[in-house]
> 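Pasting in a structure now, in structure tokens, and then I'll have a few things to ask.
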Amino acid sequence: MDETAKLIIDGVSYDLPVLTGTEGDKAIDIRKLLSSTGYITYDPGFGNTGSCASSITYMDGERGILRYRGIPVEQLAEYATFVEIAYLLINGHLPTQDELNRTRMILNDTSMIHESMHVFFQAFPRGSHPMNILSSMVNALRGFYPELYDHDDPANPEYTYLSLVSKVRTLAAMSYKISKGDKVIYPRHDLSYCANFLNMMFDSPVKPYIIDEDIVKALNVFWILHADHEQNCSTAAVRVVGSGKVNLYSAISAGVSALWGPLHGGANQAVIEMLTDIHENGIPLETIIAKAKSKKDPFRLMGFGHRVYKTYDPRAKIMKRMADKILSKFRREDPLLDIAKRLEEIAITDPYFVDHNLYPNVDFYSGIVLRAMGIPTNMFTVMFAIGRLPGWISQWRESINDPHWRISRPRQIYTGEQQRNYVPTSQRI
Ligand code: ACO
């Protein structure tokens, strides 16, 4: 017999269907709740709300598990490339050699940016944040490439999705070059996805960039770890905005904007700023921990805590190992890594952090890895955005093909004034 939940309101009993996911997760289906009872549910921040059924990413926050299309992220970080992961997320299976070759060909074919877009770039005021530039430029792509995709008529979805994956990488590197006033470096067909990005970022007509395979590998892993994370803030934004049937580019641009916030993807920049502040001003770590615990102080320990993970974020474990590896390769020490490790040591044994289940998340060590690659701090969240792009695209694709798809439109509990009359200006006190 199908499982049901019973809800009793004012002595009247209602049966609500229970849905079960493939990993045993349960949800009470409340789609008919309002029409049958007159009640809605109240869940600010959607902590208990399943907004969709999805077959893309599985997370178990209690056990620290993350899988893309069923495959553990640890295996993917060890053996796969970011391009394979993009394919896996968007299409649901790992590519065969032929599919991979075709994917690479499309990524190369579509890597250039319309020359008129350069004019756009030049018009941004100096000092504009690269995330600001990226969200605007992604939205602008719809104007420059209207032929690529129409919401209801996917002429060639594969080409559209991959061209976005390719172009966003070029846009990101261009935004960095232009923000510095440097010559833009074009993508090259002979380089892999990650090597191409590094080359566009760091090559110059006067000093060629030497591509280091260990850095390329590290970037692959960095992007794989960020590629999807089920219904997080920016992905939810992509789905909500997309639910109005807006085009792919505008939905993704909303995701970029949502990611920018320091409580979400912007945390990688905020962590490095926090660690730099501690380092440069010699702030005792106990003071930082006390600030984070104080209810009178809005400060939070950046890079700690997660809505879903109530244990160590599996991505943070890999990122921490990578920080050690990449710094030792260059025989370099980063005082911020040492501070981060000591902060973690204090925090994970402190009763406040233990009681609140606060552990390092992906952003705690990721900035140290990016710094070691030479990526400037204000580009950190852009790096996250490039990594998350395949996830956003696959979630958007799944949502527009969902037979239960409806425009996203939450309800509210109204707490304002009851009806009252308009008062003319002369009678207002
Ligand atoms: N430092 C100190 N206290 C914290 C922290 C933190 N980093 N995170 C949560 N808490 C405390 C809150 O004060 C609250 O305490 P209380 O119950 O005693 O009032 C409790 O833990 C629960 O916090 P919420 O804000 O309700 O948790 P939520 O799930 O809504 O927020 C979030 C999750 C936003 C990630 C939060 O932990 C946070 O602000 N962390 C710091 C920013 C950060 O690292 N963000 C990146 C997240 S990963 C990502 O998006 C890529």
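Read the numbers this way: they start at 1 and go in the same order the structure lists the ligands and their atoms.
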> Give a yes or no on whether Arg69 atom CZ has more than 12 heavy-atom contacts from other residues, nucleotides or ligands under 6.0 Å away.
yes

> I need the single residue from Tyr359, Tyr309, Phe364, Phe299 that forms a ring-ring contact (aromatic ring centres under 6.0 Å, His included) with Phe304. Which is it?
Phe364

> Give a yes or no on this: more than 12 heavy atoms of other residues, nucleotides or ligands lie within 6.0 Å of atom OH of Tyr14.
yes

> Mind checking whether Asn232 contacts ligand 1 via backbone (N, CA, C, O), side chain (CB onward), both or neither, at a 4.0 Å heavy-atom cut-off?
neither

> What are the atoms of ligand 1, with element, lying closer than 4.0 Å to any heavy atom of Leu358?
3 (N), 4 (C), 5 (C), 8 (N), 9 (C), 10 (N)

> I'd like to know if atom 4 (C) of ligand 1 has any protein heavy atom within a distance of less than 4.0 Å.
yes

> Heavy-atom distances under 4.0 Å are what count here, so tell me which part of His264 touches ligand 1: side chain, backbone, both or neither.
both

> State whether Arg342 and Asp338 are salt-bridged, where the test is any N-O pair (Lys NZ or Arg NE/NH1/NH2 against Asp/Glu carboxylate O) under 4.0 Å.
yes

> Please determine whether any non-hydrogen atom of Gly303 lies less than 4.0 Å from an atom of ligand 1.
yes

> For atom 39 (O) of ligand 1, state whether the nearest protein heavy atom is under 4.0 Å away.
yes

> Determine, using heavy atoms of Phe364 and all atoms of ligand 1, whether some pair is separated by less than 4.0 Å.
no

> Select one of side chain, backbone, both or neither to describe which atoms of Asp363 lie under 4.0 Å from any atom of ligand 1, heavy atoms only.
side chain

> For residues 216-225, dump all side-chain donor-acceptor pairs below 3.5 Å to protein atoms at least two apart in sequence or in another chain.
{"from": "Asn220", "atom 1": "OD1", "to": "Phe82", "atom 2": "N", "distance (Å)": "2.6"}
{"from": "Trp223", "atom 1": "NE1", "to": "Met383", "atom 2": "O", "distance (Å)": "2.9"}

> Any protein heavy atom under 4.0 Å from atom 26 (O) of ligand 1?
no

> Test your reading of the structure: does Met302 have an N or O sitting under 3.5 Å from an N or O of ligand 1?
no

> Distance under 6.0 Å and angle within 45° of the ring axis: does Lys167 meet both against Tyr145?
yes

> Check whether Tyr161 forms a cation-pi arrangement with Arg397 (NZ or CZ under 6.0 Å from the six-membered ring centre, at most 45° off the ring normal).
no

> Compute the minimum heavy-atom distance from Phe384 to ligand 1 and say whether it is under 4.0 Å.
yes

> Decide whether an N or O pair under 3.5 Å exists between Phe304 and ligand 1.
yes

> Closest heavy-atom contact between Leu89 and Ser394?
O-CB, 3.1 Å

> Below 4.0 Å, non-hydrogen atoms only: which portion of Lys295 touches ligand 1? Side chain, backbone, both or neither.
side chain

> Under 4.0 Å from ligand 1, counting heavy atoms only, is it the side chain of Leu263, its backbone, both or neither?
both

> Check ligand 1 against Ala292 and write out every atom of the ligand that is under 4.0 Å from a heavy-atom position of the residue.
2 (C), 3 (N)

> Below 4.0 angstrom from a heavy atom of Ala267, which ligand 1 atoms are there? Numbered from 1 as shown, please.
43 (C), 44 (O), 45 (N), 46 (C)

> Is Asp355 salt-bridged to Lys293, cutoff N-O under 4.0 Å?
no

